[in-house]
Amino acid sequence: MRIVGLTGGIASGKSTISNLFKAHGIPVVDADLVARDVLRKGTGGWKRVVAAFGQEILLDNGEVNRAQLGQIVFSDPSKRQLLNRLLAPYISSGIFFEVFKLWIKGCKVIVLDIPLLFEAKLDRWTKPIIVVWVDSETQLQRLVARDGISEEQARNRINAQMELDWKRGKADIVIDNSGTMVDTKEQFEKVLIQVTRPLTWTEFSLSRQGAVSLLVSVIVGVLACRNFYYSDSVR
């Protein structure tokens, strides 16, 4: 099994590449979707976040107001770090469990779509690592147009993340998404050939070791989240 790491920066076009993988039948584990699940009303993640940030972040139906929470954490690095610490064990175990299920099904290639791949140190599970890169000005203008926000707000969100150029330096494969969609698709086709080729014996051996480590991580992650949940329940 080959586990491919896919990451980038806000408005870099990572979702475009993720969707291209899906369109070609490659299963994708989306960390953003996992994060949504761990923040659903009543979950352990929801309880910890509400306890830390207060009832003010909730909508009338009790779900987290993600837009409001985003404004809070993007404007305060300490609160952003707090949110990451609170949700990290839930998100990590959720990602590992989704990968494990796909492994059990016999999937040969799995893409992990994770914005914080390096920050969460999940890059150690993935090979190759694909970084979707754009130049800074293109990233800024795309974010402003996509979210309808000011340039100052866009810069704050970009600066809240690890530098995209740094991520590019850590990548095995870089997809430059600064140009046209045609250019991006041409790069993707080459990447698709690379990640779907048969594993070498060395890669096969490493993938088996990784699968065992992955199983252990799933168990540890689930137990960690259970412990968090139980500690929340008795408060």
Side-chain angles (χ1 to χ4, degrees), residues 1-10 12 14-15 17-18 21 27-39 43-45 48-49 52 70 73-74 76-103 107 109-133 157-175 191 195 202-203 205-229:
M1 176 179 67
R2 177 179 283 123
I3 303 178
V4 179
L6 175 63
T7 192
I10 189 169
S12 68
K14 179 178 58 62
S15 296
I17 303 302
S18 180
F21 273 117
V28 175
V29 176
D30 190 331
D32 286 340
L33 295 181
V34 173
R36 286 182 178 275
D37 285 340
V38 303
L39 259 185
T43 61
R48 291 179 67 79
V49 169
V73 300
F74 275 121
D76 188 331
S78 64
K79 291 182 179 178
R80 186 169 62 253
Q81 292 169 7
L82 171 61
L83 180 65
N84 287 337
R85 287 198 303 272
L86 293 174
L87 295 182
Y90 297 96
I91 295 174
S92 295
S93 63
I95 290 171
F96 286 136
F97 188 59
E98 291 300 317
V99 172
F100 181 67
K101 289 191 294 184
L102 291 170
W103 176 54
C107 295
V109 179
I110 301 169
V111 174
L112 297 191
D113 179 351
I114 307 180
L116 303 181
L117 182 71
F118 296 110
E119 294 90 332
K121 303 188 185 306
L122 295 176
D123 54 302
R124 57 185 170 174
W125 306 107
T126 62
K127 190 71 176 179
I129 296 170
I130 302 172
V131 170
V132 184
W133 181 89
R157 294 190 182 186
I158 292 171
N159 293 336
Q161 298 184 339
M162 188 177 286
E163 288 187 8
L164 198 48
D165 284 344
W166 184 92
K167 291 184 179 182
R168 180 176 61 175
K170 290 289 186 179
D172 299 306
I173 300 171
V174 176
I175 295 179
V191 171
V195 302
T202 300
E203 290 173 329
S205 176
L206 290 173
S207 71
R208 291 190 64 183
Q209 296 175 25
V212 173
S213 298
L214 178 63
L215 175 58
V216 172
S217 297
V218 169
I219 295 172
V220 171
V222 170
L223 290 176
C225 285
R226 286 181 63 188
N227 288 337
F228 278 124
Y229 176 77

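In what follows, every heavy atom counts, from backbone to side chain, and hydrogens, waters and symmetry copies are set aside.
Scanning all heavy atoms of the two residues, the minimum distance from Leu164 to Ser12 falls at CD2-CB, 4.1 Å. The heavy-atom pair separating Lys14 from Gly8 by the smallest distance is CD-N, 3.8 Å. The shortest non-hydrogen separation linking Asp113 to Pro115 is O-CD, 4.0 Å. Closest of all the heavy-atom pairs between Thr43 and Asp37 is CG2-O, 3.8 Å.
Listed for the Arg2 side chain is a donor-acceptor partner under 3.5 Å among the backbone atoms of Val195. A donor-acceptor distance shorter than 3.5 angstrom exists from the side chain of Thr7 to the backbone of Ile114, with no hydrogens or angles considered. Remark: the backbone N or O of Ala88 is paired with a side-chain donor or acceptor of Ser92 at under 3.5 angstrom.
Residues passing the side-chain hydrogen bond (donor to acceptor under 3.5 Å, both in side chains) test with Asn84, sequence neighbours excluded: none. Residues meeting the side-chain hydrogen bond (donor to acceptor under 3.5 Å, both in side chains) test with Lys167, sequence neighbours left out: none. Gln161 is linked by a side-chain hydrogen bond (donor to acceptor under 3.5 Å, both in side chains) to nothing, counting only residues two or more places apart in sequence or in another chain. Evaluation of the salt bridge (charged side-chain N to carboxylate O under 4.0 Å, His left out) rule for Asp32 yields no partner, not counting sequence neighbours. Residues passing the salt bridge (charged side-chain N to carboxylate O under 4.0 Å, His left out) test with Asp76, sequence neighbours excluded: none. Residues forming a side-chain hydrogen bond (donor to acceptor under 3.5 Å, both in side chains) with Lys101 (at least two apart in sequence, or on another chain): Glu98.
The OG1 atom of Thr126 sits 7.5 Å away from the CG atom of Asp172 when rounded to the nearest 0.5 Å. Leu83 contributes atom CG, which lies 11.5 Å from atom OG of Ser78 (distance to the nearest 0.5 angstrom). The distance from the CG atom of Leu82 to the CG atom of Leu87 is 9.0 Å, given to the nearest 0.5 Å. Separating the CD1 atom in Ile10 from the CZ atom in Phe74 is a distance of 5.0 Å, to the nearest 0.5 Å.
Phe21 places a side-chain heavy atom less than 4.5 Å from the side chain of Ile130. Taking the side chain as every heavy atom from C-beta outward, Ile175 and Ile17 approach each other to under 4.5 Å. For the pair Lys170/Ile129, no side-chain contact is recorded, criterion being any heavy-atom separation below 4.5 Å from C-beta on. Side chains of Leu6 and Leu117 form no contact here, defined as non-hydrogen atoms less than 4.5 Å apart. In this structure, the side chains of Phe118 and Val131 come closer than 4.5 Å at one or more pairs of heavy atoms.
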From CA spacing to verdict: side chain to side chain contact (heavy atoms under 4.5 Å, CB included), Tyr90, Leu39
CA-CA 9 Å; Tyr90 297 96; Leu39 259 185; over 6 Å; no
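In summary, of the residues considered (Ile173, Val191, Ile3), a side chain to side chain contact (heavy atoms under 4.5 Å, CB included) with Pro128 occurs for Ile173 alone.
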